[in-house]
Amino acid sequence: MEVLQINTIATEPYQGQKPGTSGLRKTVKEFQKPNYTENFVQSIISTVAASAKLDGALLIVGGDGRYYCQDAVRIIAKICAAHKVGKLIIGQNGIFSTPAVSNLIRKTKALGGIILTASHNPGGPNADFGIKYNISNGGPAPDGFTNKIYEYTKTIRAYNMVNNLNVELERLGTQKFLVEGLPFEVEIIDSVADYAALMRELFDFNKIRELLQGTGPHPAPFQVFFDSLHGVTGPYVRRIFCMELSAPESSASNAEPLPDFGGEHPDPNLTYAHKLVEKMKEGIYDFGAAFDGDGDRNMILGKNGFFVTPSDSLAVLAANAHFIPYFQKNGLKGFARSMPTAGAIDRVSESMAKEFFEVPTGWKYFGNLMDAGRLSLCGEESFGTGSDHIREKDGVWTAIAWLSILANKPGESVESIVVDHWTKFGRNFFTRYDYENCEDAGAKAMMDHLNALVKDPALTGKSYADGDKTFTVAKADNFSYKDPVDGSVSENQGIRVVFKDGSRIVFRISGTGSTGSTIRLYGDCYEPDQVKQKMDAGFILKPLINVALAMSKLTHFTGRDAPTVIT
Ligand code: G1P
Ligand code: ZN
């Protein structure tokens with residue numbers, strides 16, 4: 001076997017390689033700059049090496065198939081080979097969904113994993129790319145870890161790689177190398193098999209098959225439709241829903257992963273997954289789901305396009321978790337949601353007397369609670385739901401979880417389950433306005449203004465009116481979170497104003513955008529009245545949003561008079 005040499009290459013630091021909510025996300029063009037990707041990967045590896053034994057270690061590598069994924073995988077392999085990493089497990093053609101990587105890290109007891117994705121951001125040579133490190137519990141690296149990566153990127157002067165390492169990403173099986181006398185191995189595996197096996201363990205596939213086929217207690221076949229938005233989930237949908245659960249092939253749409261996602265935003269919401277909404281409005285299908293680029297997000301729809309908000313989806317899953325075999329077996333620990341997520345789950349948690357956590361935005365905050373055995377089920381308003389079966393949110397899992405519940409309620413629909421839920425617990429109306437790519441200075445000035453406002457004790461008790469609605473401030477702050485497991489504190493996690501009637505507004509700057517500043521404005525209110533529960537969410541929330549806009553002077557600071565996306 002040819003003995004490969006390690007090459008040391010001089011480099012200069014790049015500004016701004018600071019990982020955000022979920023890894024480093026920048027434009028592809030940025031990642032293609034000389035040494036840009038190499039610098040960041042070397043900084044990850046240096047950080048890992050500083051805290052664990054890298055010699056002979058196993059790492060998992062894969063991504064959502066977007067443009068530049070395979071180039072990045074090759075760079076990672078070359079750099080890992082130069083740092084005595086023992087083995088990489090890589091998805092065929094460099095493809096793994098984010099939940100699949102999380103599962104594999106746990107299953108193989110790997111030291112960690114590197115995921116190539118910019119999640120729901122567009123892909124292609126003129127769009128976005130991203131690199132994220134997950135630790136040995138399968139979850140995204142915590143702030144302390146990513147801060148260290150950032151520190152390395154600021155001082156890096158050289159990186160080590162094995163220039164001549166050529167990995168064949170399409171060939172399944174093990175490829176062995178010798179690097180300056182030490183063995184280095186790459187195993188290319190089927191991207192779906194391990195994840196599908198996990199789903200079979202968690203759920204009762206026979207029962208779901210009966211639902212889809214209209215056998216057993218079910219009056220008719222339950223028609224399902226999945227939109228993978230040309231992201232990574234296509235092969236997962238085909239294998240799990242079509243091959244194993246017997247949904248027809250035609251129910252898997254946009255199931256070919258494309259490097260540019262067909263030129264669209266692979267983001268499962270009412271704006272970007274509008275084709276699924278239109279399909280569902282035809283009234284043929286009983287259940288629809290869309291997933292994002294890397295497969296961790298989901299949107300759930302019922303017949304005629306009935307939209308389940310992510311906050312409601314989480315609450316319904318929690319209230320019906322006893323139908324899911326995994327929870328039957330392992331018991332239900334606590335529940336959690338991110339701070340801006342509407343409080344529908346809070347009441348379910350209370351009714352079941354479960355421990356409950358409100359954490360900052362970003363899945364990484366759930367991991368410690370899960371590892372400590374205190375959290376079973378959690379979610380975010382940004383179309384993320386999941387459980388402690390892995391340490392990432394999980395789009396396909398959520399769709400199977402919904403089908404499990406439906407399989408246990410013969411004759412019921414998505415809508416009837418949600419409406420029953422509102423009748424029992426009340427309804428939370430929720431909306432999010434995104435102002436994408438604002439100028440940094442304006443966004444910062446607005447947040448400074450809001451920070452000053454919520455610090456002023458005179459704000460409490462102050463009233464704001466819109467039309468005939470008046471909102472009186474009960475409490476306002478910039479959210480800070482103390483992790484109950486490790487005691488770490490995360491400050492400045494979003495401005496929140498809570499009004500006397502329980503409604504809330506939240507402002508924060510996105511940590512995942514690749515250019516400029518994206519302002520997110522969240523509004524939620526609670527409605528116990530069954531007549532009002534049936535009303536349009538946009539209509540109900542309008543006065544609250546108007547008050548938020550007045551308080552923040554958003555238009556004044558940013559020049560924007562309308563959001564770019566409403567979810
Ligand atoms: C967004 C979402 C957040 C999610 C993250 C990664 O982050 O708001 O809930 O965890 O993407 O999918 P943001 O851009 O708001 O920082
Ligand atoms: Zn994602």
Side-chain angles (χ1 to χ4, degrees), residues 18-25 63-66 96-102 115-123 128-130 132 134 139-141 143 146 228-229 231-233 236 257 261 265-269 272-273 290-299 309-311 314 336-342 358-367 378-386 390-398 430-438 443 447 479 490 492-495 506-522 563-565 567:
K18 186 172 168 52
T21 311
S22 208
L24 181 69
R25 284 195 199 161
D64 61 13
R66 67 178 58 227
F96 274 140
S97 73
T98 292
V101 173
S102 186
I115 309 180
L116 297 321
T117 176
S119 186
H120 49 287
N121 292 17
D128 289 346
F129 191 72
K132 165 169 143 174
N134 279 28
D143 288 341
T146 55
S228 294
L229 300 171
V232 75
T233 60
Y236 294 80
F261 307 114
H265 261 79
D267 199 359
N269 59 40
Y272 295 123
F291 310 108
D292 75 333
D294 63 327
D296 56 357
R297 293 185 174 198
N298 75 90
M299 177 171 73
T309 70
S311 308
L314 174 61
R337 63 165 168 81
S338 66
M339 184 273 281
T341 303
E358 182 180 36
V359 309
T361 293
W363 207 260
K364 58 189 166 194
Y365 295 100
F366 297 125
C378 54
E380 295 192 275
E381 50 66 40
S382 53
F383 296 82
T385 18
I390 53 170
R391 295 294 180 270
E392 291 277 5
K393 54 188 176 256
D394 194 341
V396 170
W397 174 90
T398 306
F430 177 85
T431 192
R432 183 176 106 181
Y433 281 29
D434 292 337
Y435 299 82
E436 294 169 315
N437 207 358
C438 293
M447 291 305 281
F479 182 62
S490 307
N492 297 320
Q493 297 297 319
I495 298 286
V506 172
F507 282 91
R508 52 182 287 284
I509 304 285
S510 156
T512 58
S514 60
T515 45
S517 294
T518 292
I519 297 171
R520 304 205 194 283
L521 156 58
Y522 312 77
T564 36
V565 181
T567 46

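As the structure lists them, so they are numbered: ligands from 1, and atoms in each ligand from 1. Fair warning: this is a prediction, and the values are worked out from it, not measured in the lab.
Ligand 1 has no N or O atom lying under 3.5 Å from any N or O atom of I509, backbone or side chain. Where the criterion is an N or O separation shorter than 3.5 Å, residue side chain and backbone included, R508 meets it with respect to ligand 1. By the 3.5 Å distance cut-off applied to N or O atoms, R297 is counted among the residues near ligand 1. At least one N or O atom of K393, backbone or side chain, sits closer than 3.5 Å to an N or O atom of ligand 1. At least one N/O-N/O distance between S382 and ligand 1 falls below 3.5 Å. Ligand 1 has no nitrogen or oxygen under 3.5 angstrom from a nitrogen or oxygen of Y522.
Note on E392 versus K132: salt bridge recorded, some NZ/NE/NH1/NH2 to OD/OE distance being below 4.0 Å. Electrostatic pairing of E358 and R337 counts as a salt bridge here, judged by a charged N lying under 4.0 Å from a carboxylate O. Remark: R66 does not engage D128 in a salt bridge, criterion side-chain N to carboxylate O under 4.0 Å.
Between W363 and F366, the angle of the ring planes goes over 60°, which puts this pair in the perpendicular group of the 30/60° scheme. H265 and Y272 have parallel rings, their planes meeting at less than 30° on a 0 to 90° scale where 60° marks the start of perpendicular.
Note: angle at the Zn ion (ligand 2), from OD1 of D294 to OD2 of D292, is 90° (rounded to 10 degrees).
In the vicinity of G362, heavy-atom distances shorter than 4.0 Å reach the ligand 1 atoms 10 (O). Atoms of ligand 1 lying under 4.0 Å from any heavy atom of T361, numbered from 1 in the order shown and given with element: 3 (C), 8 (O), 9 (O). Ligand 1 places these atoms under 4.0 Å from at least one heavy atom of R520: 8 (O), 13 (P), 14 (O), 15 (O). Every atom of ligand 1 is numbered from 1 in the order shown, and the set under 4.0 Å from a heavy atom of G511 is 13 (P), 14 (O), 16 (O).
Between the Zn ion (ligand 2) and T117 there is no N/O/S contact shorter than 2.8 Å.
There is a side-chain donor-acceptor pair under 3.5 Å between T564 and E436.
Proximity of R432 to ligand 1, defined as any heavy-atom pair under 4.0 Å, is confined to the side chain (atoms from C-beta onward). Contact annotation for S510 and ligand 1: heavy atoms of both the backbone and the side chain come within less than 4.0 Å of the ligand.
The minimum distance between the Zn ion (ligand 2) and any N, O or S atom of D296 involves atom OD1.
Ligand 1 does not have S338 within reach: every non-hydrogen atom of the residue lies 4.0 Å or more from it.
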